[in-house]
Number of protein chains: 2
Amino acid sequence: MSAQDDFLGAKDDFISQWGALGSSWGISRTMAQVHALLMISPEPISTDQSMEELQISRGNAHTNLKELVGWGLVKIVVKKGERKEFFEAEKDVWKIFTIVLRERKRREIDPAIELLSDCSERSKNVKSAEGKAFHKQMNELEDFAVFASQVGETISKLKYGPAIKYANKFLGLLPKDKS
Amino acid sequence: MSAQDDFLGAKDDFISQWGALGSSWGISRTMAQVHALLMISPEPISTDQSMEELQISRGNAHTNLKELVGWGLVKIVVKKGERKEFFEAEKDVWKIFTIVLRERKRREIDPAIELLSDCSERSKNVKSAEGKAFHKQMNELEDFAVFASQVGETISKLKYGPAIKYANKFLGLLPKDKS
DNA sequence: GAGGACTTTCAGTAATGTTTGAAAATATGA
DNA sequence: TCATATTTTCAAACATTACTGAAAGTCCTC
């Protein structure tokens, strides 16, 4: 068993399990696998190469590659002399994180704020106990969502260095675990 | 159109849309709806009441209520003189957040760390360019995942007050937007 | 220990989400 | 312009997940 074989096995495991993890996020299994493949490929790869490596159909490869481009996680590169499009993933982990953070804020937190603010508004004059409890809960959820949104916004604008610096300061502020 | 009617409409919208949002997280639509229902109910509610309000089957109501109990988001309460079980959701928004944070860390980040660490190990001696790129990427992802795990751990242990205090200090550190 | 109130399970069904493959559209170069 | 390489679309097939309803299980109470 050579080191190269170890690596090839690890590569397959990474792609397959990254896919499984992706689906516990909101991302489809295949999209996560395509992303995994691109993330560990030193060279940009084509639709046909993805099809080959992941054993998926052209339509599937195409859709998922374009969706990743839509997320901003992957860029299209055109090699000179070639007609095909090639795809290259962002590899910097902090950049990947901020992209995903921004995208999920936009897709999940922002609509939640809208919902909560609307529900709060529509229940502000209600008299029943049930209604008052509802109004209060809507307000509290909205306040939290707005707060989370601001924190997300702030973090996504940071560079890696400052982020780590703040985080370490923050982590250090807590009492040490005395185990 | 009375204030009470406004509220009833808002309540239905909240339940239905909270469900839709839930499914963009890893949570099933119905589980999120049950959670929404419990979160806005001033009184604990029974399986039959959930079935009635959400128009779902007994089995479905039962499974989702118990799953919420499993997450720690809902508690079973027994009313004296009653044989039925009633269910009551945690309403404190910060507590809900820390419970979800901990649970998702356990389900998503921890397994990722294991995967990445394993892949890093198995590719440490490889010589090819592709293999070296893989090893590097695994290390960087692992470092980040461990870091995220620690931040999550720390936040989930905070009380709401200190969390807000730190966050405001943090938010204030960034240059103001000059628009 | 029988009867009823309630909970739990699960096989079958329904609903939803994903993938395929082939055809249509588009782009490229001679 | 045409032939061909490539991308894009999408209806139908497939896979996965969620839900139902009824039956089995549990736990009281008399």
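Here is how names work: the chains are called A, B, and so on, in the same order as the sequence lines, proteins then strands, and each is numbered from 1.
Less than 4.0 Å separates DNA chain D from at least one heavy atom of each of the following residues of residues 52-61 of chain A: A/R58, A/G59. Listed in residue order, the members of residues 29-49 of chain B having a heavy atom less than 4.0 Å from DNA chain D are B/T30.
In this structure, CG on B/N60 lies 12.0 Å from CE on B/M31, to the nearest 0.5 angstrom.
With 3.5 Å as the limit, one finds a donor-acceptor pair spanning the side chains of B/Q49 and B/S46.
Around atom NZ of B/K79, more than 12 heavy atoms belonging to other residues, nucleotides or ligands sit under 6.0 Å away.
Taking the 5' to 3' direction, DNA chain C first and last meets chain A under 4.0 angstrom from a heavy atom at C/dT18 to C/dT28. Heavy-atom contacts of chain A under 4.0 Å fall on DNA chain D between two terminal nucleotides, which in 5' to 3' order are D/dT4 to D/dT9.
When hydrophobic residues (I, L, V, M, F, W, Y) are linked wherever their side-chain heavy atoms come within less than 4.5 Å, B/V78 remains an isolated member.
Side-chain N or O atoms of A/S149 include none that pairs as donor or acceptor with a backbone N or O of A/A145 at under 3.5 Å. At distances below 3.5 Å, not a single donor-acceptor pair connects side-chain atoms of B/E90 with backbone N or O atoms of B/G72. Under the 3.5 Å distance criterion, the side-chain polar atoms of A/S41 are left unmatched by any main-chain donor or acceptor of A/P44.
Taking the six-membered ring for Trp and thresholds of 30 and 60 degrees, A/F14 and B/F134 have ring planes more than 60 degrees apart, a perpendicular arrangement. Using cut-offs of 30° and 60° for the angle between ring planes, the A/W94 and A/Y160 rings count as tilted.
You'll find the side chain of A/W71 reaches within 4.5 Å of the side chain of A/R104, heavy atoms only.
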Report task. Check step by step if ring-ring contact (aromatic ring centres under 6.0 Å, His included) holds for B/F170 and A/F170. Result -> CA-CA 9 Å; B/F170 172 67; A/F170 171 67; 8.6 Å; no
Name each donor-acceptor pair under 3.5 Å that joins a side chain in residues 113-121 of chain A to protein atoms two or more places apart or in another chain, with its distance.
residue, atom, partner, partner atom, Å
A/D118, OD2, A/R122, NH1, 3.1
A/S120, OG, A/N139, OD1, 2.6
A/E121, OE2, A/K124, NZ, 2.7

